[in-house]
Amino acid sequence: VIQGLNANCSTFCKFDLKNGFFDLLETLEDANIKIATPLKPLISVFRSVSTIETVEFIIETTDLLRVILHSQHGISKMYTL
């Protein structure tokens, strides 16, 4: 589940991605990992969804969220939130 709430607490969004959504899902022993990241930068990552082929979400132990987009023609972009 990915949830977001803007700074003014006036907008909320929730994405409930089930295991079947993912081609590959690797989790640590504790599957309930929570991380807080601003919603606006996360939404901006997905501006060009038409060219995205795969997405990797990596939660670092330092409470950083890395999003790696693999697009057409071998182009990859990494965002650290």
Side-chain angles (χ1 to χ4, degrees):
V1 175
I2 300 173
Q3 299 178 6
L5 183 65
N6 71 348
N8 296 332
C9 297
S10 62
T11 305
F12 175 78
C13 69
K14 178 178 179 179
F15 301 97
D16 191 2
L17 306 173
K18 304 294 182 192
N19 290 352
F21 176 82
F22 300 96
D23 291 333
L24 175 66
L25 180 63
E26 296 178 6
T27 60
L28 301 174
E29 292 177 18
D30 180 14
N32 290 326
I33 300 170
K34 293 184 178 183
I35 187 168
T37 185
L39 184 58
K40 196 170 189 176
L42 184 60
I43 291 173
S44 69
V45 169
F46 296 101
R47 282 195 180 142
S48 58
V49 293
S50 62
T51 61
I52 296 173
E53 293 180 343
T54 60
V55 178
E56 292 180 57
F57 290 101
I58 302 170
I59 299 175
E60 301 286 337
T61 56
T62 57
D63 293 335
L64 291 176
L65 174 64
R66 292 191 195 277
V67 181
I68 303 173
L69 305 177
H70 300 280
S71 301
Q72 297 171 349
H73 310 293
I75 298 171
S76 294
K77 295 179 184 178
M78 182 172 66
Y79 299 87
T80 303
L81 307 173

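- Hydrophobic cluster of Ile58: the remaining members, joined at side-chain heavy-atom separations below 4.5 Å, are Ile68, Met78, listed by chain and number.
- Hydrophobic clustering (side-chain heavy atoms under 4.5 Å, transitive across Ile, Leu, Val, Met, Phe, Trp, Tyr) keeps Ile75 apart from Val67.
- In this structure, CD in Glu56 is found 9.5 Å from CG in Leu69, a value given to the nearest 0.5 Å.
- Summarising the geometry of His70 relative to Ser76, their closest heavy-atom pair is ND1-OG, 2.9 Å, with the distance given to 0.1 Å.
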